[in-house]
Amino acid sequence: MPRFAANLAYMFTERPMMERFGAAAAAGFKAVELQFPYDLAPTDVRAELQRHGLVQLGINTQPRPNGGESGVGAVPGREREFAEVFQKALDYVVAIGGSAIHCMTGVVPPEQRPAAETVFIKNLERAATEAAKANITLLIEPINPRDRPDYFLSRVEHAADIIAKVGAPNVRIQFDFYHVQIVSGDLLKRFEKFFPVIGHVQIAAVPTRGEPDEGEINYPAVFETIDRSGYTGWIGCEYKPRTRTEDGLGWAKKYGVVPKGS
């Protein structure tokens, strides 16, 4: 049976961040993922995870200070900045007991893309070496251009090619069915084809990015395919609830996400 993790940047936002861990556990989640938790003391986060018996998955590298939330991993001329934000992410994820870092590429104009590819590969090579010492997986995620125009990585095929060039076993794809559907479609075949280099999976409805019980993706079929594949990781629920988070979790009950005490 698929295992689902709550993305606390998107879910339970009715509460302050530090209260979302308990809310996720009370709703029946056994794992959580974060995006940019850097304003929270890692000791406090780790204490909340332990208090509620939650598995901590990944975090994102910190966005560039003056450019939104797109990162700098593939931005030419920002290599030193990437090294700094990556080290900060590595220290943080180790401190909270997490397992992965999503290395965000940043926005790159078309004329800089050849140089950006070289930059991204070299940045990942160096980062992968350091992450491996702590048993941390690095994730790269294709993100659709409708939500994030000019983001360097948008296609699964490109991500797989980058991973092949880096050649490190701890660099893998974060396969978000929401983004892949918008960019490419043919979800089940793409998931099966790139399964050997997929390190994490995320979900949301298309086009709304709401709960996975509406829209154009047949998620019951997706979950069956994931189950048959032998995937042993978690599926991150990176969606925007239509209303109160708990009120939209009906879809998850048959997969074992049920409130404590039910």
Side-chain angles (χ1 to χ4, degrees), residues 33 57-61 70-79 82-83 85-87 89-90 93 98-145 148 150-203 222 225-226 228-236 238:
E33 57 186 12
L57 304 180
I59 65 173
N60 292 0
T61 51
S70 294
V72 294
V75 180
R78 307 301 289 268
E79 292 88 343
F82 175 76
V85 298
F86 170 74
Q87 188 61 53
L90 182 59
V93 80
S99 57
I101 298 170
H102 170 202
C103 296
M104 300 192 70
T105 71
V107 168
V108 177
E111 66 274 12
Q112 291 185 16
R113 285 183 167 265
E117 177 140 339
T118 299
V119 167
F120 194 37
I121 290 168
K122 289 182 178 179
N123 280 342
L124 288 174
E125 288 172 345
R126 289 188 289 265
T129 299
E130 294 305 308
K133 297 174 185 177
N135 197 31
I136 298 296
T137 298
L138 302 187
L139 300 170
I140 61 174
E141 180 182 26
I143 295 179
N144 81 80
R148 196 160 289 181
D150 287 331
Y151 191 75
F152 176 70
L153 203 60
S154 63
R155 297 183 64 84
V156 179
E157 290 80 1
H158 189 193
D161 185 58
I162 293 285
I163 288 170
K165 290 175 179 175
V166 173
N170 63 328
V171 180
R172 303 177 72 80
I173 293 174
Q174 182 159 283
F175 191 103
D176 189 328
F177 281 87
Y178 165 79
H179 292 301
V180 179
Q181 170 65 9
I182 291 171
V183 174
S184 308
D186 203 13
L187 293 175
L188 304 187
K189 290 296 185 183
R190 277 193 163 81
F191 177 79
E192 291 168 348
K193 179 178 180 179
F194 295 105
F195 179 74
V197 291
I198 291 173
H200 185 52
V201 171
Q202 292 179 326
I203 58 169
V222 166
T225 298
I226 293 173
R228 287 196 309 268
S229 73
Y231 177 73
T232 58
W234 298 85
I235 300 173
E238 194 183 52

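In this text, all values refer to a predicted model and were calculated from it rather than measured experimentally.
- Distance check, rounded to the nearest 0.5 Å: OG of S99 to NE2 of H200 gives 8.5 Å.
- At least one donor-acceptor pair closer than 3.5 Å links the side chain of R172 to the backbone N or O of P196.
- Closest heavy-atom contact between V171 and I163: O-CG2, 3.4 Å.
- Considering every non-hydrogen atom in both D176 and E238, the closest pair reads OD2-OE1, 3.2 Å.
- Expressed to the nearest 0.5 Å, how far OG1 of T232 lies from CD1 of I226 amounts to 12.0 Å.
- Side-chain contact between D150 and P109: absent, with no pair of heavy atoms (C-beta onward) separated by less than 4.5 Å.
- In this structure, the side chain of Y151 engages the main chain of T105 through a donor-acceptor pair within 3.5 Å.
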Margin query: Please evaluate residues R190 and K193 with respect to the criterion side-chain contact (heavy atoms from CB on, under 4.5 Å), reporting the C-alpha separation (whole Å), side-chain torsions for both, the decisive distance (0.1 Å), and the verdict.
Written below: CA-CA 5 Å; R190 277 193 163 81; K193 179 178 180 179; 5.6 Å; no
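- Looking only at distances, a side-chain donor or acceptor of N170 sits under 3.5 Å from a matching main-chain atom of A128.
- The side chain to side chain donor-acceptor pair (under 3.5 Å) search around E79 returns none, not counting sequence neighbours.
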Next item on the list: Quick one: do L153 and I143 satisfy side-chain contact (heavy atoms from CB on, under 4.5 Å)? Show the steps, please.
Entry: CA-CA 6 Å; L153 203 60; I143 295 179; over 6 Å; no
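- Here the closest non-hydrogen pair linking F86 and C103 is CD1-SG, 4.4 Å.
- For residues 115-125, the side-chain hydrogen bond (donor to acceptor under 3.5 Å, both in side chains) pairs, not counting sequence neighbours, are E117-H158, E117-K165, N123-R126.
- Taken to the nearest 0.5 Å, the CG atom of N144 stands 12.5 Å off from the CZ atom of R155.
- Residue F120 comes nearest to G73 through the heavy atom pair CD1-O, 3.3 Å, listed as atom of the first residue, atom of the second, then distance.
- When all heavy atoms are compared, the tightest approach of G230 to F195 is C-CZ, 4.1 Å.
- One finds the OH atom of Y231 at 14.0 Å from the OG1 atom of T225 (value rounded to the nearest 0.5 Å).
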Give every donor-acceptor pair under 3.5 Å between a side-chain atom in residues 130-142 and any protein atom, sequence neighbours left out.
from : atom 1 : to   : atom 2 : distance (Å)
E130 : OE2    : K133 : NZ     : 3.1
E141 : OE1    : Q174 : NE2    : 3.1

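- A donor-acceptor contact shorter than 3.5 Å links the side chain of T61 to the backbone of M104.
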Next item on the list: Could you walk me through whether E33 and H102 pass side chain to side chain donor-acceptor pair (under 3.5 Å), step by step?
Entry: CA-CA 11 Å; E33 57 186 12; H102 170 202; over 6 Å; no
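- Across every non-hydrogen atom of V75 and V107, the tightest pair is CG2-O, 4.0 Å.
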